[in-house]
S.K.: 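What follows is a single structure, and I will ask about it in a moment.
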Amino acid sequence: MPFRQFVLKVSSRCDLACDHCYVYEHADQSWRRRPRIIGRETLAAATARIAEHARAHALPAVHVVLHGGEPLLAGHDLLEEAITGIRRAMRGICELDLRIHTNGVTLDEKFCELFAANDVRVGVSLDGDRSANDLHRRYANGRGSYDQAVRAVNLLRGKYRDIYAGLLCTIDIRNDPVAVYEALVALRPPVVDFLLPHATWDHPPPRPEGEPASYADWLITIFDRWVKDGKPVRARMFESIIRTSQGETSLTEALGLDECDLAVIEADGQYEQADSLKTAFAGAPATGCDVFAHTLDEAARSAAMAGHLPGLAGLCDTCRACPVVGSCGGGLYAHRHKTGTGFMNPSVYCADLMKLITHVRSRARVRDEAGGAPATHAISRDDLDALASGYGDGGVLEILAGSQKSLRRRRVGSLSLMAGPAVPEAWRLLTEVDREHPRTVQEVLDHPYVRVWAVGCLEGRRPVSDTGYLANIAAAAAVRAGVTARLAVPVPGDTLYLPTLGSVATGPVGEATVETGPGAFTVTAGDRRWDVRPGDAVAAHGWLPHRRLTAGAMAVVLDDVDPSRDCYEWPVSPRLSAEDLAGWQEMFTGAVDLIRRDHPAYLPGLATGLRVLTPLSASPDGSQVSATVREAFGAIGVALPAGPAQLALLMIHEFQHVKLGAVLDLLDLYDEKNVELYRAPWRADPRPLEGLLQGAYAHMAVTDFWRVHRHALTGAPAESATAQFRHWLEATAGAIETLAGSGSLTPLGERFVGGMRATVQLWAGD
């Protein structure tokens, strides 16, 4: 198995003397014989080995953390050399996620400028409020480090928000858990990691009150407060328990059954296993390999690495029989060690993990008051089987839509922490409206292209200035709620857009002011003013409202104004004329009628989950054009086809992608480490496994459409439709067999693809 995460030790000394440090205070004391700072030759060799490994395994991305000791002791110049050298070496090979983890005491603007210029995310160790932090994180003379660490965090929170990665908190149950939580949340970190202090069965963790699960009790207090507060920050430990309870991957090596793909490169060039093993015994992390004489593949094959078996195979019988093993994973590998039996033991925190995981799983089923969606979204096996068959009723679509609600809220919440002049005031207004009108806010956030915008900002594909669009969202929520508010809203082009409502043609003004109140709102830009009633359904005085297509009980927004809708591989259509709109309405009515008559199994899902239809520009060669985007749940893009039957086919086909994308946001159906490409019968270029799965699932609907539609035709059209059915049946069946034989499906994935196969085999009888 290739390594995908690397900890590169640029320093082997520290400017603090924390008494709980596993590097300096525990069993392995190898730091004493290592150079204080990594040498340039060692740095170059380590960088070359990482690049060599990534190229050999065709890795799509690697994660590198600059670490220590205290990595800032390496100094500005050497860190700049390390950072630019790693970026240069990885260019053209794969994506690079580069981070540094520091105690923060010497972090200054010069370091931050270096990190910001090179997209290096910065994590800081901080154990809570002053008393909690300074209980352990002290200088050698006993002086606490709280003031210096908080100064560093405030520096990151301000001018350098984009590189603020989060906080790492090592637990001490003598500290007040609520005070620790409040101190950390007040610093607005993107994520908090709560870490159990390193311990083994030979040296168990302190339990001052003698309670067998005192660490669980401490963490449960924080978890309950975190849930009550609406999960104001990400908490990796709690999220990992929730994810693994649903069959998803863990976000931390301390939980779950995922394989370990981490390698440590020490300051002298030695390859080692995870640093936490230094708490077990002297030499525990050593591999006997180094960057000068060995490749990373050779290190992976070393006896030390090979002895760390992945998944259930590496656990003792007690762990294998445990009902929470899927989330616990036996706990952190180092915490299982005991002289005589090695690592084949439960974690020394076994009782804590059992109690904590059970509690989190129970509380995660509590329903969220705002949207009525479960805090933990899970699909039953029956619902998964229904989706695998190609269908899925309105109930399972409600579950998928609920999970997407949570996902969008989290993405927008993350953006509230990013820089942008309009963001703080917009966030204040949005949260105020959310307190009194949560369903109204949710309706705005449910607009599919809100997540397209949010993900683009979070992944750096949009400029930081685009975070100002949060003001458009807040203004739209205030308008819909009828509350009185006044907000400056950026206008990046020449149109002010309010999601779910419409747009105002302001011209290139840069910024406009939106004033909201009961039943109406006003837009002011320069010396021009627009008074709008949100219920206005027709264009007037520069106001272009959203319009809808209806057919019986089914209705969708025909979105031809949202600037974020331009996210498809095909260009979007400009604003439709009244005549074009009438043509779309006629076509939509005919398509829905056809689906209701001939393909009723698809209608409940479409009626529940399809919210937006975006017109695309026609293809120059006259071929049919349609598309979906993974982030835009509930939306499809379509160029107006020749007739209702073609639109019905495109709607059914594209909505399969919408459904499966939401399933993949909830469940791991395949091994994401698989980078192989596979032949897809409908494309000339080979596809990654997810692309093949998406294509096979969507073409099941195409097959089903022609299977049924041919019976509504006669003569040559019926023969053509039968040929289409045979063609897509063979292509889809072949793709399903390729998926089944890939060896990369998870157990849930095997079940899902097995359901697809059963449906297609049933159709083959036709």
S.K.: Judged by modelled atom types alone, do Tyr146 and Asp129 share a side-chain donor-acceptor pair under 3.5 Å?
M.R.: no

S.K.: Rounded to the nearest 0.5 Å, how far does NZ of Lys659 lie from CZ of Phe633?
M.R.: 10.5 Å

S.K.: Looking only at the side chains, is there a donor atom on one of His335 and His198 sitting less than 3.5 Å from an acceptor on the other?
M.R.: yes

S.K.: Just by distance, do the side chain of Ser145 and the backbone of Gln148 share a donor-acceptor pair under 3.5 Å?
M.R.: no

S.K.: Only counting residues at least two apart or in another chain, list the ones meeting side chain to side chain donor-acceptor pair (under 3.5 Å) with Glu459.
M.R.: Arg461

S.K.: Do Arg243 and Thr249 get their side chains close enough for a donor-acceptor pair, meaning under 3.5 Å?
M.R.: yes

S.K.: Could you check whether any side-chain N or O of Thr318 sits under 3.5 Å from a backbone N or O of Pro346, counting only pairs where one atom can act as donor and the other as acceptor?
M.R.: no

S.K.: Output the distance between atom CZ (Phe752) and atom CG (Leu387), rounded to the nearest 0.5 Å.
M.R.: 6.0 Å

S.K.: Does a donor on one side chain sit under 3.5 Å from an acceptor on the other, for Thr500 and Arg480?
M.R.: yes

S.K.: Is the closest side-chain heavy-atom distance between Glu672 and Glu690 below 4.5 Å?
M.R.: no

S.K.: Test Arg409 against Gln442 for side-chain hydrogen bond (donor to acceptor under 3.5 Å, both in side chains), laying out the working first.
M.R.: CA-CA 8 Å; Arg409 289 182 76 93; Gln442 190 62 58; 3.0 Å; yes

S.K.: Distance-only, no hydrogens or angles: does the Ser403 side chain make a donor-acceptor pair with backbone N or O of Leu400 under 3.5 Å?
M.R.: yes

S.K.: May I ask you to decide if Val324's main-chain N or O and Ser327's side chain share a donor-acceptor pair within less than 3.5 Å?
M.R.: no

S.K.: Taking side-chain contact (heavy atoms from CB on, under 4.5 Å) as the test, write out the residues that go with Tyr333, two or more places apart.
M.R.: Leu277, His308, Arg336, Phe343

S.K.: For His337 and Thr200, does a side-chain donor sit closer than 3.5 Å to a side-chain acceptor?
M.R.: no

S.K.: To the nearest 0.5 Å, what is the distance between OG (Ser250) and CD1 (Ile242)?
M.R.: 12.0 Å

S.K.: How about Val64 and Arg99: do any of their side-chain heavy atoms sit closer than 4.5 Å?
M.R.: no

S.K.: Does the Thr252 side chain pair with the main chain of Met237, one donor and one acceptor, at a distance under 3.5 Å?
M.R.: no

S.K.: For Ser125 and Ala149, work out which heavy atoms get closest and say how close.
M.R.: O-CB, 4.5 Å

S.K.: Walk me through it: do Leu156 and Leu107 pass the test side-chain contact (heavy atoms from CB on, under 4.5 Å)?
M.R.: CA-CA 9 Å; Leu156 292 170; Leu107 186 70; 4.0 Å; yes

S.K.: Quick one: side chain to side chain donor-acceptor pair (under 3.5 Å) partners of Tyr449, sequence neighbours excluded?
M.R.: Tyr568, Thr614

S.K.: With Asp352, which residues qualify under side chain to side chain donor-acceptor pair (under 3.5 Å), at least two apart?
M.R.: Arg207

S.K.: Using the test side chain to side chain donor-acceptor pair (under 3.5 Å), find all partners of Asp258 that sit at least two apart in sequence or belong to another chain.
M.R.: none

S.K.: How are the rings of Phe238 and Trp226 set relative to one another: parallel (under 30°), tilted (30 to 60°) or perpendicular (over 60°)?
M.R.: tilted

S.K.: Please report the C-alpha distance between Leu384 and Leu667 in whole Å, then the side-chain angles of each, then the deciding distance to 0.1 Å, and finally whether the side-chain contact (heavy atoms from CB on, under 4.5 Å) criterion is met.
M.R.: CA-CA 10 Å; Leu384 187 66; Leu667 303 173; 3.9 Å; yes

S.K.: Among Lys673, Gln5, His63, which residue satisfies the side-chain hydrogen bond (donor to acceptor under 3.5 Å, both in side chains) criterion with Asp261?
M.R.: Gln5

S.K.: For a quick check under 3.5 Å, do Asp172 and His136 share a side-chain donor-acceptor pair by atom type?
M.R.: yes

S.K.: Taking atom CG of Leu126 and atom CG of Leu167, what is their separation to the nearest 0.5 Å?
M.R.: 6.0 Å

S.K.: Taking all non-hydrogen atoms of both residues, which atom of Leu498 and which atom of Asn472 are closest, and how far apart?
M.R.: CD2-O, 3.7 Å

S.K.: Working note: His67 + Asp275, criterion side-chain hydrogen bond (donor to acceptor under 3.5 Å, both in side chains); need CA distance, chi angles, decisive distance, verdict.
M.R.: CA-CA 11 Å; His67 214 286; Asp275 262 7; 5.0 Å; no

S.K.: Please report the closest heavy-atom contact between Ala199 and Pro204, naming both atoms and the distance.
M.R.: CB-C, 4.0 Å

S.K.: Which heavy atom in Arg611 sits nearest to a heavy atom in Asp446, and how many Å separate them?
M.R.: NE-O, 3.6 Å

S.K.: Run the numbers on Glu432 and Arg428 for salt bridge (Lys or Arg N to Asp or Glu O under 4.0 Å), then give the verdict.
M.R.: CA-CA 6 Å; Glu432 285 180 1; Arg428 182 195 62 75; 2.5 Å; yes

S.K.: Are Asp97 and Arg121 ion-paired here, with the side-chain N under 4.0 Å from a carboxylate O?
M.R.: no

S.K.: Got Val348 and Pro205 here, is their nearest side-chain heavy-atom distance under 4.5 Å?
M.R.: yes

S.K.: Any side-chain heavy atom of Glu398 sitting closer than 4.5 Å to one from Thr608?
M.R.: yes

S.K.: Before giving the answer on salt bridge (Lys or Arg N to Asp or Glu O under 4.0 Å), spell out for Arg236 and Glu239 the whole-Å C-alpha distance, their side-chain angles and the decisive distance to 0.1 Å.
M.R.: CA-CA 5 Å; Arg236 212 184 307 266; Glu239 290 179 2; over 6 Å; no

S.K.: Output all residues satisfying ring pair (Phe, Tyr, Trp, His ring centres under 6.0 Å) with Tyr670, sequence neighbours left out; order by chain, then residue number.
M.R.: none

S.K.: I'd like to know if the side chain of Asp108 reaches the main chain of Phe111, judged simply by a donor and an acceptor atom lying under 3.5 Å from each other, with no hydrogens or angles considered.
M.R.: yes

S.K.: Cation-pi between Arg161 and Tyr164: NZ/CZ under 6.0 Å from ring centre and within 45° of the ring axis?
M.R.: no

S.K.: Compute whether any side-chain donor of one residue and acceptor of the other, for Glu70 and Thr102, lie under 3.5 angstrom apart.
M.R.: yes

S.K.: Side chains of Ser276 and Tyr22: does their closest heavy-atom pair fall under 4.5 Å?
M.R.: no

S.K.: To the nearest 0.5 angstrom, please state how far the CG atom of Asp193 sits from the CG atom of Leu168.
M.R.: 5.5 Å

S.K.: For Arg462, does its backbone N or O pair with a side-chain atom of Trp453 as donor and acceptor, under 3.5 Å?
M.R.: no

S.K.: Donor-acceptor pair, Arg138 side chain versus Asp134 backbone, under 3.5 Å?
M.R.: yes

S.K.: Hey, is the main chain of Asn175 close enough, under 3.5 Å, to the side chain of Trp218 for a donor-acceptor pair?
M.R.: yes

S.K.: How about Phe115 and Tyr160: are their ring centres within less than 6.0 Å of each other?
M.R.: no

S.K.: Output the distance between atom CD (Glu631) and atom CZ (Arg411), rounded to the nearest 0.5 Å.
M.R.: 9.0 Å

S.K.: We want to know whether Asn154 and Arg151 form a side-chain donor-acceptor pair, criterion being a heavy-atom distance below 3.5 angstrom.
M.R.: no

S.K.: Just wondering, do Met354 and Cys328 contact through their side chains at under 4.5 Å, heavy atoms?
M.R.: no

S.K.: Would you say Gln404 and Arg451 are linked by a side-chain donor-acceptor pair, where the criterion is simply a distance under 3.5 Å?
M.R.: yes

S.K.: Regarding Asn103 and Asp15, do their side chains bring together a donor and an acceptor under 3.5 Å, going by distance alone?
M.R.: yes

S.K.: Is Leu430 close to Val444 at the side-chain level, that is, under 4.5 Å between some pair of heavy atoms?
M.R.: no

S.K.: Determine whether Leu72 and Ile100 make a side-chain contact, defined as any pair of heavy atoms from C-beta on separated by less than 4.5 Å.
M.R.: yes

